[in-house]
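In what follows, a single structure is set out as structure tokens and then discussed.
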Amino acid sequence: MSTNTESTLQELAQNIEGILFWKGEAVSKKKLIEMFECSEGQLEEVLKHIDNETKNRGISLVQTDSEVELRTSKTVSKTIDQIQKDELSRDLGKASLETLAIVCYRGPSTRKEIEYVRGVNCQSILRTLEIRGLIEREEEGSRILYKPSIDLLGHLGIATLQELPEIDKVKGMIEKHEENTEE
Amino acid sequence: MSTNTESTLQELAQNIEGILFWKGEAVSKKKLIEMFECSEGQLEEVLKHIDNETKNRGISLVQTDSEVELRTSKTVSKTIDQIQKDELSRDLGKASLETLAIVCYRGPSTRKEIEYVRGVNCQSILRTLEIRGLIEREEEGSRILYKPSIDLLGHLGIATLQELPEIDKVKGMIEKHEENTEE
Amino acid sequence: MPFEIKHSAYSGPLDLLLSLIEKRKLFVNDISLSQVTEDYLSHIKNLGGLTEGENHQLFPLHDVSDFIVIASTLILIKSRSLLPELSLSGEEEQSIEDLEDRLKEYQKYKSLSAHIEKLFRLHPLFSKQYIPPSKRKNQTSVFAPAKDISVANLQSGIWRVIESFPKKQVLPKVAVRKVKSLEEVIQDLTKRMTEALTYSFKQFTDGEISKLHGMNKKNDVEDSENTDEKEVVAKEQKVTVIISFLAMLELVKQGMIYANQHNDFGDILMESQQVGTPRY
């Protein structure tokens with residue numbers, strides 16, 4: 001019984017890793033669940049398994065809440081950077097940096113929320129970042145939320161948002177703040 | 001000494017696996033030896049190592065005498081064939097239709113131009129449209145232009161794009177949008 | 001006071017405000033806010049005073065209105081710090097608290113954005129390279145149309161795209177109202193401050209009288225005389241500050257004129273050159 005579950009998991013892991021490799025781009029978790037008729041819990045377990053197996057390897061698993069992608073590992077970036085002809089600019093403007101910091105650290109945010117924090121109209125910067133593929137919109141009821149894309153995580157060299165520096169501290173602060181304001 | 005060699009080997013394995021993943025196609029062994037300034041023996045050792053690590057995984061190493069490539073494992077190929085079939089027959093949906101419409105109405109366009117008009121990153125959608133044979137790329141110097149395929153025109157039942165309804169009006173509006181924001 | 005930093009160096013009013021505070025090595029609170037009010041106002045005055053040749057540095061008008069809205073709250077804070085006698089409405093108190101909170105919140109994300117800046121493309125994780133079908137080995141080209149591909153669907157698709165084009169920047173109604181209310185705030189404050197000032201002068205005069213009185217009475221006690229003298233000096237300084245502040249308010253009011261003029265046009269599209277034309 002237990003071996004059976006394990007072998008199913010192993011098989012699922014193989015399949016999902018294969019699909020992710022074949023796709024070569026971000027795949028939505030919802031789609032994977034549909035594809036393999038598995039539960040969300042099973043998928044998370046499988047992804048954890050793949051993530052573990054790819055530790056210290058040349059390939060790594062990058063994840064957001066909704067998507068997952070196989071990418072090269074941090075160790076390989078230098079080598080590829082050297083091979084790649086077109087050097088990508090490392091410069092992001094102030095408006096971009098602030099907006100990205102908000103969606104990364106604060107979590108998915110509406111345009112209004114981002115504008116409240118930044119104190120300026122953000123219509124055009126959000127459009128620019130969306131065109132560059134650094135942020136994505138997600139519809140939640142009638143609200144449109146902006147959130148980091150997998151490509152942004154790739155650019156930042158992190159596998160999940162949890163790897164962002166200071167993220168735990170900030171998350172704690174935000175929760176505390178919200179508790180306070182609720183009073 | 002031995003640990004040092006091992007760590008070098010480990011690092012080399014990571015890099016080579018990463019490069020093979022990133023390339024997504026067969027790479028000549030000679031090139032890898034040049035790239036990493038290693039010996040043939042070292043390369044063989046590394047490839048053996050990667051081959052071992054990818055046993056029972058979704059990705060596996062395929063080798064000839066002169067070339068090496070990462071591919072999806074055989075066990076997964078059936079699943080992938082099925083998924084590919086499903087994907088190729090699936091309806092396009094709103095986002096893809098919008099992108100395809102831009103390519104048709106605007107005429108040959110770079111990815112940047114398409115994204116600018118749509119206001120959203122279109123990389124993944126353009127790939128899907130290309131894989132389905134709905135659009136084709138045309139290389140013009142270093143630029144890549146996307147245009148509707150002849151098969152698509154046939155499917156739409158039109159001889160030229162000029163036959164698209166409201167084409168002049170739409171073109172004018174797109175041009176106006178592009179002029180406005182360029183300032 | 002000329003600003004050595006170009007306007008484009010700020011991503012918005014909170015950025016400007018924060019950098020003014022940090023330049024003085026202060027913490028964000030109502031005291032530091034009142035200390036940088038003049039710097040801030042002289043800065044936004046410059047926003048309207050740029051020559052046309054420099055107009056690439058201009059903010060779109062809706063951004064200018066964002067700057068002005070913050071200015072209104074700063075003026076309240078400054079007024080209160082200068083004249084504690086000035087009573088503020090609940091709403092005014094709230095706007096001061098909100099600004100402090102917002103600035104602290106903004107400060108947090110601004111400092112976090114340094115991590116993003118540092119990490120961005122430092123050691124990126126790469127996707128598998130995409131190889132177009134035309135460049136793949138042993139791959140036959142496919143044509144896989146879908147049921148929903150039709151001329152009609154392309155037509156409706158392109159219209160959805162056109163409808164999603166960003167609308168030209170129209171001065172938002174809310175901002176117009178806020179800009180208007182800023183002028184009201186200034187007029188109102190000028191009036192209230194003049195009244196409070198009169199009261200201060202009265203106090204000042206009273207002080208003078210009591211001082212004279214004291215001098216007459218305790219001619220021989222030097223210490224108390226000194227204390228009184230200090231008090232007078234302090235009050236004189238205060239009055240000077242208030243007078244210069246009122247003069248400054250005038251300047252701001254003049255600065256407002258250009259924003260007001262836009263108001264007259266109502267919801268008209270804003271051209272940066274119009275914004276750039278100096279109005280004083």
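Order of the sequence lines sets the chain letters (A, B, ...), proteins ahead of strands, with each chain counted from 1. Here the structure is a predicted model, which means the values were calculated and not measured.
In the displayed structure, Glu166(A) atom CD is contacted under 6.0 Å by more than 12 heavy atoms of other residues, nucleotides or ligands. Environment of CD in Glu138(A): crowded, with over 12 heavy atoms of neighbouring residues, nucleotides or ligands closer than 6.0 Å. Arg132(A) CZ: 12 or fewer foreign heavy atoms inside a 6.0 Å radius. The number of heavy-atom neighbours closer than 6.0 Å to CD1 of Ile150(B), taken from other residues, nucleotides and ligands shown, is 12 or below. Atom CG of Asp51(B) has more than 12 heavy atoms from other residues, nucleotides or ligands within 6.0 Å.
Of the atoms belonging to Ser124(B), heavy atoms from both backbone and side chain fall under 4.5 Å from chain A. Heavy atoms closer than 4.5 Å to chain B are found nowhere in Leu126(A), neither backbone nor side chain. With a 4.5 Å cut-off on non-hydrogen atoms, Lys74(A) does not touch chain B at all. For chain A, the nearby parts of Glu53(B) are the backbone and the side chain; heavy atoms of each come within less than 4.5 Å.
Ile131(A) contributes atom CD1, which lies 7.0 Å from atom CD of Glu115(B) (distance to the nearest 0.5 angstrom).
Taking both residues in full, the closest heavy atoms of Glu17(A) and Ile59(B) are given as OE1-N, 3.7 Å, listed atom of the first, atom of the second, then distance.
Salt bridge annotation for Lys23(A)-Glu87(B): present, with a cationic side-chain nitrogen under 4.0 angstrom from a carboxylate oxygen. For the pair Arg118(B) and Glu130(A), the salt-bridge criterion is not met [side-chain N within less than 4.0 Å of a carboxylate O].
With contacts defined as side-chain heavy-atom distances shorter than 4.5 Å, the pair Phe21(A)/Val76(B) does not qualify. By the 4.5 Å heavy-atom criterion applied to side chains, Arg57(A) and Thr54(B) are counted as neighbours. Looking only at side-chain heavy atoms (C-beta outward), Trp22(A) and Gln84(B) come within less than 4.5 Å of each other.
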Query raised in the report: Does the side-chain contact (heavy atoms from CB on, under 4.5 Å) test come out yes or no for Gln10(B) and Asn56(A), once each step is laid out?
Result: CA-CA 8 Å; Gln10(B) 169 90 18; Asn56(A) 303 317; 3.6 Å; yes
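Residue with the most contacts toward chain A among Thr72(B), Ile50(B), Leu20(B), Ile16(B): Thr72(B) (heavy-atom pairs, distance under 4.5 Å). Your options are Asn15(B), Asp86(B), Ile19(B), and the one with the most heavy-atom pairs under 4.5 Å with chain A is Asn15(B). Interface remark: of the candidates Gly133(A), Ala26(A), Ser149(A), Gly18(A), Gly18(A) forms the most heavy-atom pairs closer than 4.5 Å to chain B. Here Arg71(B) is the residue among Arg71(B), Gln123(B), Met35(B), Arg127(B) with the most heavy-atom pairs under 4.5 Å with chain A. Between chain A and the residues Ser60(B), Cys122(B), Gly58(B), the largest count of heavy-atom pairs under 4.5 Å involves Gly58(B).
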